[in-house]
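A short write-up of the structure that comes next.
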Amino acid sequence: MKYILPTYCLLFLSFTLQAQANYEEEKVPKYTLPELLVAENGIKINTPAKWTNIRRQEVLSLFEEHVYGKVPEFTYQTSYSVKELPSTGLPKNAVAREVEVRIFNSKDTIRINILVFLPAESQHPAPLFIGYNFHGNQTVHANPHISVTSNYVINSSKLGISGNRVDESSRGIRTGRWPVDQILKRGYGLATIHCGDIDPDFDDGFENGIHSLLDNNQAGQWPTISAWAWGLSQAMDYLQLDPKIDANAVAVIGHSRLGKAALWAGAIDKRFALVISNNSGCGGAALSKRKYGETVKRINTSFPHWFSTNFKAYDDNENTLPLDQHMLIALMAPRPVYVASAEDDRWADPKGEYLSIYHAGAVFDLFGKGRFTNPQSPQVNSPRIDGNLGYHIRTDGHDLTLYDWEKYLDFADIHLKK
Ligand code: GTR
């Protein structure tokens with residue numbers, strides 16, 4: 001039997017835990033990062049071919065084993081149905097549609113609803129951003145034709161969401177995080193999915209969401225962050241079929257827990273041409289071994305369903321981890337990757353997020369695709385770009401803002417525009 005705590009208890013708990021965390025740089029323990037460029041048999045990885053053919057797979061397997069878990073083998077079928085929506089409130093000639101992806105087998109069926117916005121007709125298929133939202137597609141734009149999710153959503157006292165369900169009143173409540181007009185006007189499409197369509201975000205013993213299609217003995221092997229990442233690949237399967245979308249120019253983006261999912265999706269699925277982590281923190285871009293802000297123990301305790309059972313062996317034991325998150329960023333190489341932090345979001349360890357992309361640079365450098373040379377993160381609101389690496393730390397706290405999006409669009413202009 002699972003107990004679900006009321007929102008005010010969870011909020012209180014989260015404030016208390018965040019207050020107790022270490023925020024003093026002097027108290028960061030001494031740590032050594034595992035070697036990125038030495039293979040398990042000791043050989044030096046000094047060419048792109050050696051990275052691609054030897055070391056990349058080793059690093060990927062380490063993350064599957066120790067952090068995110070492996071996608072279980074199971075059979076399923078997929079079907080799509082597309083519904084064009086009236087383009088209410090969108091820039092002239094822009095298109096909105098909903099794509100229902102049915103994923104089914106003899107055990108169960110789940111339905112993922114991809115909301116797709118496309119820019120005004122152009123001669124070329126559009127590059128596109130794809131990312132999960134926390135509370136349903138209807139929250140990202142006020143268009144009254146967007147379906148309101150009936151799935152489990154995360155509660156939010158700030159947004160007035162309780163009882164883990166939303167209704168009509170939630171339309172457009174998250175437009176601040178999704179500047180649809182700006183994205184479309186700059187020539188990009190946007191696809192978004194409610195994360196609860198793939199797996200509801202609570203510790204349900206891996207019964208709900210996509211887990212309902214698995215055999216019982218596979219339950220527990222497929223944690224939520226990994227299931228969300230897999231869901232993004234399912235959406236990518238559809239994007240490849242749509243002639244209006246340039247499937248070779250799809251950026252995957254995610255904020256916070258959904259940033260962790262975006263990074264893992266980018267690691268396991270090379271079809272994502274650009275990967276963006278917004279304030280993804282512990283288990284995302286931040287180095288675990290620094291134990292700054294949210295720690296491995298903290299995250300495994302608060303969210304036991306996010307990571308693999310093996311990850312719990314590193315609770316308060318980060319120094320024995322055979323990997324760290326810089327190796328996750330390296331898995332994107334040579335594809336472009338952008339990591340963003342926020343100054344007041346100390347829980348997500350901005351410095352640890354920067355250090356990850358800084359150390360991952362060794363692999364990008366092998367490909368001649370850039371490397372940050374300065375171990376100090378840049379000043380606030382001054383993005384640092386080198387080749388296929390991008391980073392900024394902005395003022396204010398944990399959020400996905402217009403400032404962040406403007407920087408991602410600028411970076412995408414360099415890498416995704418033909
Ligand atoms: C926090 C959690 C973070 C981050 C965040 C979010 O409670 O500790 O790891 O994922 O939630 O998703 O907003």
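Note that these values count all heavy atoms, side chains included, but never hydrogens, waters or copies made by symmetry. As the structure lists them, so they are numbered: ligands from 1, and atoms in each ligand from 1.
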Worksheet entry | Closest protein heavy atom to atom 13 (O) of ligand 1, given as residue, atom name and distance to 0.1 Å | S256 OG, 2.8 Å
Worksheet item: Which of the numbered atoms in ligand 1 are below 4.0 angstrom from a heavy atom of F134?
Response: 12 (O)
Fill in: Atoms in ligand 1 flagged as close to F303, the criterion being non-hydrogen separation under 4.0 Å
2 (C), 7 (O), 8 (O)
Worksheet item: Would you say N105's side chain and K107's backbone share a donor-acceptor pair under 3.5 angstrom?
Response: yes
Worksheet item: According to the interplanar angle, ranging from 0 to 90°, do the rings of Y68 and W264 count as parallel (below 30°), tilted (30 to 60°) or perpendicular (above 60°)?
Response: parallel
Fill in: Polar contact flag, side-chain donor to acceptor under 3.5 angstrom, D203-H305
no
Item to complete: Give the residue and atom name of whichever protein heavy atom lies nearest to atom 8 (O) of ligand 1, and the separation in Å to one decimal.
Response: E294 OE2, 2.5 Å
Fill in: Side chain, backbone, both or neither: the part of H398 lying under 4.0 Å from ligand 1 by heavy atom
side chain
Worksheet item: Does an N or O anywhere in W306 fall below 3.5 Å from an N or O of ligand 1?
Response: no
Discussion item. Using a 4.0 Å cut-off to any heavy atom of I299, which atoms of ligand 1 qualify?
Written reply: 9 (O)
Response to the item:
Tested for side-chain contact (heavy atoms from CB on, under 4.5 Å) against L90, the lone hit among V95, L85, V180, L118 is V180
Worksheet item: Any luck finding a side-chain donor-acceptor pair between Q138 and S170 under 3.5 Å?
Response: yes
Discussion item. Below 30° counts as parallel, above 60° as perpendicular, anything between as tilted: where do the rings of Y132 and W228 land?
Written reply: tilted
Practice prompt. Around atom 12 (O) of ligand 1, find the nearest protein heavy atom and jot down its residue, atom name and distance.
Written response: R257 NE, 2.5 Å
Discussion item. Testing the basics here: between I225 and R257, what is the closest heavy-atom pair and its distance to 0.1 Å?
Written reply: CD1-O, 3.8 Å
Worksheet item: Of the backbone atoms (N, CA, C, O) and the side-chain heavy atoms from C-beta on, which set of K260 has a member under 4.0 Å from an atom of ligand 1: side chain, backbone, both, or neither?
Response: side chain
